[in-house]
Structure formats: C-alpha cells, structure tokens
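Here is the structure we will look at, set down as structure tokens.
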2 protein chains.
Amino acid sequence: MKERFLKTMHALTELPLAQEEKLLKLIRTTSVARGEHFIREGQVPRQFGFIGKGLFRYYYVDYNGNEFTKGFFPEGTFLSSYSAMIQNRPSYFNIEALEPSEIITIDFQQWKSLSAEHPCWNTFLVAILEKAFTKKENREREFLLFDAETRYRSFLEEYPDLSQRVKQHMIASYLGITPVALSRVRRKMGVTHTT
Amino acid sequence: MKERFLKTMHALTELPLAQEEKLLKLIRTTSVARGEHFIREGQVPRQFGFIGKGLFRYYYVDYNGNEFTKGFFPEGTFLSSYSAMIQNRPSYFNIEALEPSEIITIDFQQWKSLSAEHPCWNTFLVAILEKAFTKKENREREFLLFDAETRYRSFLEEYPDLSQRVKQHMIASYLGITPVALSRVRRKMGVTHTT
DNA sequence: CTATGCCGTTAACATAGGTTAATGACATTA
DNA sequence: TAATGTCATTAACCTATGTTAACGGCATAG
C-alpha cells in the first residue's frame with residue numbers, strides 16, 4: 001500500500017527525499033470494514049486518507065432522510081471532507097466504505113506543520129485541487145446540460161467497473177434520481193439486470 | 001482598479017514586495033463592452049483576468065443552442081477558463097460581460113514563469129483553488145438535494161444584488177430551468193415583477 | 001409619436017421523473 | 001427447508017418542469 005501511495009504522490013509532485021521520509025513518518029494504516037464510516041456528517045475532520053484497496057462513497061442526507069451520493073472513490077484516490085477539514089468545521093456529508101478497504105491516514109495538523117516546511121507540498125496541493133476542481137466543474141456541467149439518461153451513460157463511461165461494484169440505488173442517488181427512475185432509464189436503453 | 005486588485009491579492013497570500021512589483025509589470029487594463037466576450041467556447045485561453053468593475057457570466061451552449069449559465073462573476077473576482085488554460089486546451093464555455101466592465105488581464109505564460117520563481121504564488125493558488133472548489137461543491141450539493149424553488153431562494157441569498165442586475169432568463173439558466181419555470185416559481189413565491 | 005424588439009407572464013398541453021405499492025429473484029438466517 | 005430481508009423491476013398515478021404560443025409592458029430607433 002505504501003508503494004502505491006508513494007507512486008501517486010510522485011505522479012503529482014517532485015518530492016525531495018528528506019520530505020518524503022518525513023511524510024512517511026506521519027502515515028498510519030487501517031482497515032475499514034464494509035459499511036463503516038471514515039467521517040460522519042457533523043464531525044470536524046481531523047485527518048485525511050488515501051485508499052490502498054477498496055471503495056468508498058461520499059453522501060449527503062437531506063431533511064427527509066434521503067441519501068444523495070456525492071461521489072465514488074476507489075483505490076488509488078485520496079479521502080477527505082476537504083472543505084470542512086481546512087475550515088475546521090463539521091462535515092456536511094458522510095464517507096462510507098462500500099467494500100472492505102485498506103487505507104492510509106494522515107493527521108491534518110501534523111500534515112500542516114510538514115507542509116509549511118517546504119514548497120513542494122503546495123505544488124502537490126495545487127495539483128490535487130486542480131484535479132478536484134476540474135471534476136466538480138464537469139459534474140456541474142452534466143447537471144446543467146444533461147438529462148438523467150445522458151448522465152447515466154456518462155457515469156458508465158467514466159466508471160466502467162463501478163456498475164458491477166455498486167448497488168443501483170446508489171448509482172441512482174449519484175445521478176440525482178430515484179432507483180425507480182434509473183430502472184426505467186435502463187429498460188429504455190435495453191440494459192438487462194445481472195446480479 | 002490596481003488598488004482593488006492588490007487588496008484582493010493580499011487577502012489571499014503574503015506577497016514579498018519584489019514579487020508584487022514583478023506581478024504589477026505583467027498586468028494590462030482593458031475595458032470590455034456589455035455583450036463582449038472575454039473567451040469563447042473552442043478558444044484556448046492565453047490569459048486570465050481580474051474584474052475591477054462590472055459583471056460577467058460563464059455559460060455553456062448545448063447541442064440545441066440552449067445557453068446554461070455556469071456562474072456570475074462581479075467586481076473583485078478573478079476571470080478565467082481555468083481548467084482549459086492550465087491544460088492548454090479549448091474552453092468548453094464562454095465568458096461574456098453583462099455590464100460595461102473594466103478588467104485587468106495577465107498573460108498565463110508570463111504568470112507561470114513568475115510563479116515558478118517564488119513559493120508565495122503557490123500559496124496564492126491554493127487559496128484561490130480552495131475557494132473555487134468549495135463553491136463548486138456547494139453547487140453540486142444544491143443540484144443533488146434541492147428543487148428549483150429552493151435553488152432560487154439560495155441564489156437570492158447568495159447574490160442579493162444580482163436579481164436586479166441580471167435578466168431573469170439568465171438566472172433561470174443558472175438554476176438549470178427555463179424562464180417559464182422560473183416565472184412560475186416566482187409567482188408561487190409571491191414575488192412581483194419589477195423592471 | 002410610432003414601429004420594433006426584447007422580456008416576463010400566463011395558459012394549454014406534453015413529458016420526465018417522483019411516489020407508492022406489488023412482484024419476483026436472490027441471499028441470509030432460523 | 002422455511003422465513004426473512006434486500007434489491008431491481010414494473011405499473012399506476014401524481015407533480016414539476018419543458019414546450020409552444022399569445023399577450024402586454026417597456027425601451028429604443030426611426
């Protein structure tokens with residue numbers, strides 16, 4: 001897992017060896033059972049993570065108790081309620097493991113101290129934030145321009161494996177529709193149900 | 001305008017005087033007429049801007065020619081098709097002045113050279129990107145959780161002055177609905193039309 | 001002043017998607 | 001095996017929003 005983590009880091013920025021070693025001293029590894037939460041709505045995040053193995057989803061719950069999936073995060077991606085963490089306020093959403101997962105965690109305060117030490121960390125942050133921003137921008141575009149069927153096709157293209165790993169009602173909640181509506185879209189598209 | 005620009009920069013990061021002076025050598029000021037475009041879909045952005053006075057909107061056009069407003073940007077904010085600019089690819093959306101405006105422009109290549117010189121520029125970028133990300137995240141949340149009326153109320157809260165400065169069909173296209181639907185929502189809310 | 005065009009409203013109708021409930025497939029547990 | 005629970009599908013009905021078209025107010029050009 002550490003290797004995958006370092007590979008991902010290196011792809012995002014150049015890391016001086018001394019800095020890399022300091023970072024490695026901050027990491028902890030944990031297992032997360034399926035259904036377990038990395039963060040719950042209302043909690044102030046004190047750490048962020050990196051997924052070595054497994055799958056997570058971020059989701060909101062509305063005033064009626066309905067769940068809306070903000071995103072899916074598979075192995076090789078970072079894990080955090082970022083806005084809440086940097087503003088030191090409660091998270092608006094939940095992060096839940098959809099599969100038994102192995103993750104790395106890093107304490108945010110320790111990370112902040114480290115990142116103040118060397119400019120490479122800001123380069124890293126810029127790279128991460130640019131990626132995240134571009135992704136959100138694209139999602140905004142799809143909500144503005146596309147109907148449910150087109151958003152579903154786009155989801156299938158972007159995450160070809162997830163339609164096998166994730167329950168349909170969660171995909172529906174990611175698309176902003178009900179499971180019933182997704183089922184209708186699938187029938188219209190000629191997709192057939194496989195368990 | 002230069003003063004406002006510097007004030008905004010200082011609010012985002014600490015600028016060594018030498019760096020500030022170099023930045024000021026890069027800026028150009030321009031007037032943009034109402035209806036004129038800062039960037040058009042399909043163009044590769046070569047510069048970004050800062051709005052000293054006026055108002056802009058970012059908008060997509062779909063395959064049917066319908067316009068969808070991505071966002072409104074008033075004085076004191078930055079102006080760019082950021083994802084396209086950093087990836088050196090054509091912009092997916094247009095940026096248009098809704099009012100006669102005064103802006104500062106900065107050439108992206110020159111900015112890149114400057115920003116490589118000193119870590120303060122990455123700190124600045126991180127601050128900007130965190131803001132932009134948080135804003136997009138919030139918009140995603142509203143599309144997922146809220147119906148059109150709730151999104152309209154939220155728009156009115158976030159941009160109290162814009163309902164006076166912006167035509168309703170543009171507000172509708174920002175909310176992801178038609179002008180007809182917005183008019184219905186307004187009637188239901190008891191809002192009365194003032195020109 | 002008059003003609004024109006743009007905009008917001010309204011109405012009538014069409015459609016996508018929400019809601020509820022029933023059903024069958026499958027997996028889990030007693 | 002039987003009982004239970006979860007999930008995707010389907011149907012019937014409902015509601016929000018899209019589409020088209022008519023209308024009136026207002027600004028602007030002539």
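So you know, we letter chains A, B, ... as the sequences are listed, proteins then strands, and number each from 1.
Residue pairs meeting the side-chain hydrogen bond (donor to acceptor under 3.5 Å, both in side chains) criterion with at least one member in residues 1-13 of chain B, sequence neighbours excluded, are B/His10-B/Glu20. Contacts classified as salt bridge (charged side-chain N to carboxylate O under 4.0 Å, His left out) and involving residues 176-189 of chain B (residues at least two apart or in different chains) are given here: B/Glu149-B/Lys188.
The stretch residues 143-165 of chain A comes close to DNA chain C through A/Asp147, A/Ala148, each having a heavy atom under 4.0 Å from the strand.
Atom CZ of B/Arg34 has 12 or fewer neighbouring heavy atoms from other residues, nucleotides or ligands inside a 6.0 Å radius.
Within the helix from C/dC1-D/dG30 to C/dA30-D/dT1, the inter-axis angle between the opening and closing five-pair segments is 30°, rounded to 10°.
Scanning both residues, B/Phe38 and B/Gly49, for their nearest heavy atoms gives CZ-N, 3.9 Å.
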Under 4.0 Å protein heavy-atom contact, by nucleotide of nucleotides 7-14 of chain C - B base, S sugar-phosphate only:
SSSBBB--
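The nearest whole Å value for the distance from the CD1 atom in B/Ile177 to the P atom in C/dA16 is 18 Å. At whole-Å resolution of the value, CZ in A/Arg34 and C1' in C/dT28 are 13 Å apart. Rounded to whole Å, atom P of D/dC7 lies 12 Å from atom CG of A/Leu98. When rounded to the nearest whole Å, the span between CG of B/Asn64 and C1' of D/dT19 equals 12 Å. Look at CE on B/Met189: it is 16 Å from C1' on D/dA16, rounded to the nearest Å.
The side-chain tip of B/Lys70 does not point at the ring of B/Tyr59 from less than 6.0 angstrom away and within 45° of straight on. With B/Tyr174 as the aromatic partner, B/Arg57 does not meet the cation-pi criteria of under 6.0 angstrom to the ring centre and within 45 degrees of the ring axis. The side-chain tip of A/Arg89 points at the ring of A/Tyr92 from less than 6.0 angstrom away and within 45° of straight on.
For A/Phe56 and A/Phe72, the gap between ring centers reaches or exceeds 6.0 Å.
By the side chain to side chain donor-acceptor pair (under 3.5 Å) test, A/Ser154 is found to be paired with A/Glu142, residues two or more places apart in sequence or in another chain being considered.
Annotation: side chain of B/Ser91 is not in contact with side chain of B/Val44 (no heavy-atom distance under 4.5 Å).
Between A/Glu75 and A/Lys53 there is no salt bridge, since none of the side-chain N atoms of the basic residue sits less than 4.0 Å from a carboxylate O of the acidic one.
The phosphate of D/dG18 (OP1 or OP2) has a side-chain N or O of B/Thr178 nearer than 4.0 angstrom.
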